[in-house]
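Just so you know, these numbers use all the heavy atoms, side chains as well, and skip hydrogens, waters and symmetry mates. Chain A is the first sequence line, chain B the second, and so forth, proteins listed ahead of strands; every chain is numbered from 1.
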Amino acid sequence: MSYALERFSEEARAAIAATGMVPAEMIELATPKPNIPADLAFPVFRAARELGVAPPRLAADLAAAISPGPGSLIGAVEAAGPFLNFSMHPERIAEAVLGEIAAHGAAYGHHADGAGKRVVVDYSAPNIARRMHVGHIRSTIIGQTLVNIFRALGYQVIGDNHLGDWGTQFGTVIASIMRYGRPQAEGEAAMEQLEALYARYNNEMKERSELEDEARRWSLALEQGDPEARAIWQWCVDLTLKAAQKNYDRLGIVFDHAYGESFYEAMLPEVIAETLHSEAAYRDADGSVVAELDKLPKFIIQRSDGGTVYMTRDIATVKFRISEFQPSKIVYVVDGRQELHFRQLFAIVRAMGYAEGVELVHIPFGIVTTPDGQPLSTRKGNMVYLESLLDEAVARARAVVERKNPELDEAEKAAVAEAVGVGAVIYNDLYQDPRRNISLDWERMLATEGNSATYLQYSYARCRSILRRVEEERGGAVAPANLALLTHPAEQRLLKHLARLPEALREAGARYAPFVIAEWCYTTAREFGVFFEQCPVLKADTPELRAARLALVEATGTALKGGLALLGIKAPERM
RNA sequence: GGGCCGAUAGCUCAGUGGAUUAGAGCACUAGUCUUCGGAACUAGGUGUCGGGGGUUCGAAUCCCUCUCGGCCCGCCA
């Protein structure tokens, strides 16, 4: 499978090579800046220096020596100073790009690069007995988008929700339930009650030390498989997952597995033994097992009291994932504060020989803040929970729908508000580099113009609106399209941009950067907006031109919907 | 003390060596429209690319250094 832009690029490369003037390994092509009236450039600096020729001279000689063959996607070749510029053939590019979009449909832009390879993506990872808050939303949304992107690149992707369902704090959770009783509410309300019980227990513990012992006993009981402790734990897990699932459904999050930390408990003694055997770690005088690798700070694998820590479980997790899935890479979508932890983890599993030939990647992301840059935290009392965040966004979107489109029926209004509100939350997380902190700014998030989810959805709805009108006319009979008629500058710009989705997808995967897709979507909407303004479709001058433009509108809708789907954003037909 | 991340227009961000003017959006101003959906389109302008060195024919981009902000540095996750 090879898309128009790739073929264009290969033709250009072959044409340069065929002149015999430049060795193939010196041909490095680049995409010109938007203000340059060309689609591909060969900056000849390096080659000219190697060959001992003045750059403009070489570019001019190449331009003179190249003439595109019949049927070539190359339309024009010309020298501009030290650059050799290639332009696409306006008519053939239209036929090629629109043909590809029609043929691939929702899968337009996808590749088979990852065929036969597996990728494990570790994302979301909520804590049991806790509500999901804005701190989890980033991992969840970025992670799912990376899953979508790698699938579209042809990889077999295994999404794993690494639940925080283990650790010492669980003793306190169980003890608090035993002492105060189980919450009776459902969903996030029940989680809120669990959090309250936990806090209450912690407070009482400060004054009554016997509660501390009780919590420790339950922690131990859970680790030793005590049936009663285990039953309460399981109840908490089920409750949390059920509440989380509601959020996942709204956000379009789907996992292949949800092996929590507890899943690895049985493997830990062996893993600890292997860290010692491989001499990746050693036993300290106090009985703890520690490692010091690659000049990284020392870290603990087993506590001096014999207990394990999350590092222990993470090592076991790597071992399990590699033996179970044979992935070529494992991607961790976890916030940037754990960067050191992952460097240490990757170092020790390599030292242990677990990860031969497996690429281990940590995708760090920034924190969520208030509009004025303050961190959100439970302690400060300004925490925002995922469910209420989505509800609020949808409610605000609903108000806009009522104002803009009151004639829609109730069910459609609700569906549109959900798509727009949730889309805004998702886009707010994806439109920029994940390393940056993002702020929870309602004004910007739910902006209906500019670089916003709503603007993208609106652009799609406009495409559909035109097509719907055609379908409503006499059964949608459309004159056969002569795509070569799409030579208007606005048409050409839109076409050429549609041609860039395949490469945008590759770049997004290579850089683990959903915002590359977001930017492609945004530019698509922009170019469509210009086209929409300058090129009448239904009232085009001739039936042939009308048909050609309809094909362009349809292709734009298909490609834009596909791009939004990668981001997990729904595209309503009307809004 | 060591390490990681960030710093580009008033604000939010793209730009990870190449084309005499560093790009978008928001905000501001002025327009377009007998509308295929105005949740649109057009025009208008601001930048010591945090500072300073260096490499290069060429640096926002690569190297060094400093400043500021955030975060991390074995028995939490």
N or O in side chain of A:R469 less than 4.0 angstrom from B:G37 OP1/OP2: yes

Summary of salt bridge (charged side-chain N to carboxylate O under 4.0 Å, His left out) pairs that have at least one residue in residues 434-450 of chain A, sequence neighbours excluded: A:D433-A:R435, A:D441-A:R444

Separation of the P atoms in B:G38 and B:U48, to the nearest angstrom: 39 Å

G-U wobble or Watson-Crick pairing nucleotide for B:G58 (cut-off 3.5 Å, both distances): none

Given B:G74, B:A39, B:U42, the nucleotide with the shortest approach to the side chain of A:R526: B:U42

Within residues 341-351 of chain A, residues whose heavy atoms come under 4.0 Å of RNA chain B: A:R343

Heavy-atom donor-acceptor pair, A:S304 side-chain to B:C75 base, under 3.5 Å: yes

B:G38 phosphate, OP1 or OP2, under 4.0 Å from A:R462 side-chain N/O: yes

RNA chain B contacts among residues 286-300 of chain A, heavy-atom distance under 4.0 Å: A:D286, A:V290, A:P297, A:K298, A:F299, A:I300

Complementary nucleotide of B:U35, counting Watson-Crick and G-U pairs under 3.5 Å: none

Donor + acceptor pair across side chains of A:S304, A:S288 (<3.5 Å): no

Nearest-angstrom distance, P atom, B:A9 to B:A24: 15 Å

Most 5' of A:N405 and A:Y522 on RNA chain B, judged by nearest nucleotide: A:Y522

Which protein N or O atoms sit under 3.5 Å from an N or O of nucleotides 16-23 of chain B?
| residue | atom | partner | partner atom | Å |
| --- | --- | --- | --- | --- |
| B:U16 | O4 | A:R511 | NE | 2.4 |
| B:U16 | O4 | A:R511 | NH2 | 2.5 |
| B:A19 | OP1 | A:K33 | NZ | 3.3 |
| B:A19 | OP2 | A:K33 | NZ | 2.7 |
| B:A19 | N6 | A:N85 | OD1 | 3.0 |
| B:A19 | N1 | A:N85 | OD1 | 3.1 |
| B:A19 | N1 | A:N85 | ND2 | 2.9 |

Sugar-phosphate only, base, or nothing, as touched by A:R574 at under 4.0 Å among non-hydrogen atoms: base

Syn/anti state for B:G74 [syn: chi within 90° of 0]: syn

Show which side-chain atoms of residues 340-348 of chain A pair as donor or acceptor with protein atoms under 3.5 Å away, not counting sequence neighbours.
| residue | atom | partner | partner atom | Å |
| --- | --- | --- | --- | --- |
| A:H341 | NE2 | A:D314 | OD2 | 2.7 |
| A:R343 | NH1 | A:E339 | OE2 | 3.4 |
| A:Q344 | NE2 | A:P297 | O | 2.9 |

Gap in Å between the two C1' atoms, one belonging to B:U61 and one to B:U16, rounded: 6 Å

Sugar-phosphate, base or nothing in reach of A:V537, heavy atoms under 4.0 Å: base

ring-ring contact (aromatic ring centres under 6.0 Å, His included) between A:F83 and A:F45, worked out: CA-CA 8 Å; A:F83 292 85; A:F45 301 95; 5.6 Å; yes

C1' gap between B:C13 and B:G6, integer Å: 13 Å

Sugar-phosphate, base or nothing in reach of A:G167, heavy atoms under 4.0 Å: sugar-phosphate

Sugar-phosphate, base or nothing in reach of A:A540, heavy atoms under 4.0 Å: nothing

Proximity to RNA chain B (any heavy atom under 4.0 Å), residues of residues 436-458 of chain A only: A:R436, A:N437, A:R444, A:T448, A:E449, A:G450, A:N451, A:T454, A:Y455, A:Y458

Sugar-phosphate only, base, or nothing, as touched by A:E261 at under 4.0 Å among non-hydrogen atoms: sugar-phosphate

Interatomic distance at P, B:A22 relative to B:C66, whole Å: 31 Å

cation_pi(A:R131, A:Y385) dist<6.0 Å, angle<=45: yes

B:C76 to B:G69 separation - C1' atoms, rounded to the nearest Å: 26 Å

Whole-Å P distance, B:G50 and B:A14: 13 Å

Sugar-phosphate, base or nothing in reach of A:C463, heavy atoms under 4.0 Å: nothing

Touch class at under 4.0 angstrom, heavy-atom based, for A:M311 against every strand present: nothing

Watson-Crick or G-U wobble mate for B:C4, both contacts under 3.5 Å: B:G70

P atoms of B:U55 and B:U8, separation to the nearest Å: 27 Å

Pairing nucleotide - B:G25, Watson-Crick or G-U, each distance under 3.5 Å: B:C11

